[in-house]
S.K.: 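What follows is a single structure, and I will ask about it in a moment.
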Amino acid sequence: MTATGPASAERVRPSSARARTPVRGAGLGWVATMALVAVLLQVAVMPYVNIADGIPDLVAPTVVAVALLRGTLVGAITGFGAGLLVELSTPVGTLGVLALTYLIVGAWCGRYCEREESTSLVPPLVLTVVAAFVVQMGYMVFQLLLGNSMAASEFVGDLLIPTIALTALLSPPVLLVARRLLGAPRAVEPYAAGAA
Amino acid sequence: MATHGTGLARRRANLRRGAIATLVVVCLALFSGYFRESGDGPLHGVQSAAAGVAAPIQDVATEAVQPFRDAWGWVTSLKDARDRAARLEGEVEALRGAAIENRIRDEQLARLRALVGVGRELDGYEPVVGTVIARSFTSWYRSARLDVGRDRGVVQNSPVVAGTVQGAALVGIVTSVRGNSADVSFITDGRTSVGATIPEADSPPGLLESTVPGQLRLAGIPREFPVREGQAVVTAGFNAPALPSVYPYGIPVGQVTSVGGTEVDVERTVQVTPYADPRSLSQMVVLTPQSPQAKRRAEG
């Protein structure tokens, strides 16, 4: 589904869904707030929720939720910003890597904003799990490029699986809160009116 | 009208793609630039400045979520509480016997130190207590950020210890320092290695490195030295016989949990379990160098 004309500032969504929307404008303020809160929790709390060596990824479901509700561009920018903030505020030796992986996740998930919104929580949950998988694999590839290695069994058993499982457990509330705050899906595009 | 609409849609799509492509290029430029420049380059400077700005916010956030973290820690500790109790009872019995033996050894050691004036390397350091305000979000980096920095005398390569049931034990080393915060790489990080020795086996310095999560391997211990399970591993003060380490001699690191190797091996495979589990610590002690010798060690 594509935009229909110059006056159309947003993708066509079912009218029933839009009628329930409590948000005026595009709710980009809420998007920024959600991203900031997710980064803060990811940095200050999540490292302590540590099972095996897995740490839940709260940023991934946030980026996925924003992308599903506001489209490719907002999803990509949110992913870029959140990833960069996480790398700037935690003691890791990379810059730009997480920003890129979350950007890709945001841009990719944003494509689903143009489709009919699912009434079930399962599709966004599956997207979140895939997103968390992509982020972990992307980060691993960059680490291998840097010459840092980890045994495959350790990576899969101690890091990847626990991280994805914990992320999946934490995702439903994030997705529901995002839906509540941002309302019905509508892709925010350049030259769109009301994108504030 | 339709042409106008299609044109605008195409323009929007191009702008969207252009914006995303620009962001991708920015990411790649950041990544490449970050690894090409030295530790005091502009991007490292930006990261350091951002960390400095974020430190007070993280400090407040850490305090705010502390009760929840404590609750989580309590819940997760319940699962192995019974096993721990049984194990600790056994350890208490063993430690009572060891304590008497240690008291005698302490007296002998104090007399010997007074005679030759050695073994007082830790006296050249001033302990500074720091609170953990941030941790690595991934196991690729086993590190934490403390709320003490240059303002408290912390310098790069300052050893970091933590209180354990066995006393103060090595946790890691300061890898970067700012005005009000410092980053610590744990000894369980793959990039950290520690020159260590086993005093009870009278072994030469070996190199302690991370293997599987939470475990270390001490390499370079010749097989003729009588290494046994349960022996203590301490920092050697050297990475190799003639290469001084940034860690002074005598900081407890962990305990030998297994000794392997075949008869044809020249060296033993020594597995070590660290005394301190950095993942559970909320406070650590930075040993800031004060004496000229300690400062030389920190300079590497």
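All chains are named by letter (A, B, ...) in the order of the sequence lines, taking the proteins before the strands, and each is independently numbered beginning at 1.
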S.K.: Which residues, numbered in order, of residues 95-104 of chain A come under 4.5 angstrom of chain B by heavy-atom distance?
M.R.: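 Within residues 95-104 of chain A, the residues that come under 4.5 Å of chain B (heavy atoms only) are Leu95(A), Gly96(A), Val97(A), Leu98(A), Ala99(A), Leu100(A), Leu103(A).
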S.K.: Hey, is the main chain of Leu58(A) close enough, under 3.5 Å, to the side chain of Gln42(A) for a donor-acceptor pair?
M.R.: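 Yes, because the side chain of Gln42(A) sits within donor-acceptor range (under 3.5 Å) of the backbone of Leu58(A).
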S.K.: Got a sec, which residues hit salt bridge (charged side-chain N to carboxylate O under 4.0 Å, His left out) with Arg191(B), two or more places apart in sequence or on another chain?
M.R.: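 By the salt bridge (charged side-chain N to carboxylate O under 4.0 Å, His left out) rule, Arg191(B) matches Asp189(B).
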S.K.: Applying side chain to side chain donor-acceptor pair (under 3.5 Å), can you list everything that pairs with Tyr34(B), at least two apart in sequence or on another chain?
M.R.: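 With neighbours one apart ignored, the set is Gln47(B).
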S.K.: So which residue, Gly106(A), Pro91(A), Ala107(A), ends up with the most heavy-atom pairs under 4.5 Å with chain B?
M.R.: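 Of the candidates given, the most pairs with chain B belong to Pro91(A).
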S.K.: Walk me through it: do Tyr141(B) and Thr138(B) pass the test side chain to side chain contact (heavy atoms under 4.5 Å, CB included)?
M.R.: CA-CA 6 Å; Tyr141(B) 295 92; Thr138(B) 169; 4.2 Å; yes
S.K.: Is there a side chain to side chain contact (heavy atoms under 4.5 Å, CB included) between Ile173(B) and Tyr247(B) once you walk through the steps?
M.R.: CA-CA 9 Å; Ile173(B) 192 162; Tyr247(B) 305 96; 3.4 Å; yes
S.K.: Considering only heavy atoms and a distance below 4.5 Å, find which of His44(B), Arg135(B), Arg17(B) pairs most often with chain A.
M.R.: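 Answer, by heavy-atom pair count under 4.5 Å with chain A: Arg135(B).
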S.K.: Any chance you could lay out the side chain to side chain contact (heavy atoms under 4.5 Å, CB included) test for Met46(A) and Phe137(B), step after step, and finish with the verdict?
M.R.: CA-CA 7 Å; Met46(A) 291 306 129; Phe137(B) 57 86; over 6 Å; no
S.K.: Heavy atoms only, distances under 4.5 angstrom: which of Ile77(A), Leu85(A), Leu88(A) has the most pairs with chain B? Name it, please.
M.R.: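 Of the candidates given, the most pairs with chain B belong to Leu88(A).
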S.K.: Run the side chain to side chain contact (heavy atoms under 4.5 Å, CB included) test on Cys27(B) and Phe80(A) for me, step by step, so that the C-alpha distance in whole Å, both residues' side-chain angles and the decisive distance to 0.1 Å come before the verdict.
M.R.: CA-CA 8 Å; Cys27(B) 288; Phe80(A) 172 79; 3.4 Å; yes
S.K.: Let me confirm one number: the CD-CG distance from Gln283(B) to Asp147(B), rounded to the nearest 0.5 Å.
M.R.: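 One gets 8.5 Å once the value is rounded to the nearest 0.5 Å.
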S.K.: Of all the heavy-atom pairs spanning Thr175(B) and Gln156(B), show the shortest one and how long it is.
M.R.: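 It is O-NE2, 2.8 Å.
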S.K.: Sub-3.5 Å donor-acceptor pair from the side chain of Arg145(B) to the main-chain atoms of Ser89(A), do we have one?
M.R.: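 Here the side-chain-to-backbone pair exists.
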S.K.: What part of Val184(B) gets within 4.5 angstrom of chain A, counting heavy atoms only: side chain, backbone, both, or neither?
M.R.: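 When you check distances to chain A, no heavy atom of Val184(B) falls under 4.5 Å.
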S.K.: Roughly how far, to the nearest 0.5 Å, is the CG atom of Leu69(A) from the CG atom of Leu181(A)?
M.R.: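 So the CG of Leu181(A) and the CG of Leu69(A) are separated by 10.0 Å.
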S.K.: Does any backbone or side-chain atom of Leu41(A) lie under 4.5 Å from a heavy atom of chain B? Answer side chain, backbone, both or neither.
M.R.: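 No part of it gets close to chain B.
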S.K.: Test your reading of the model: is there a side-chain donor-acceptor pair from Asp183(B) to the backbone of Ser176(B), 3.5 Å cut-off?
M.R.: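 A pair under 3.5 Å: no.
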S.K.: Under 4.5 Å heavy-atom distance to chain A, tell me which part of Phe35(B) shows up: side chain, backbone, both or neither.
M.R.: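 Contact with chain A: side chain only.
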S.K.: Report, by ascending residue number, the residues of residues 120-135 of chain A in heavy-atom contact with chain B at a distance under 4.5 Å; give 'none' if the set is empty.
M.R.: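 Checking residues 120-135 of chain A against chain B gives no residue, so none.
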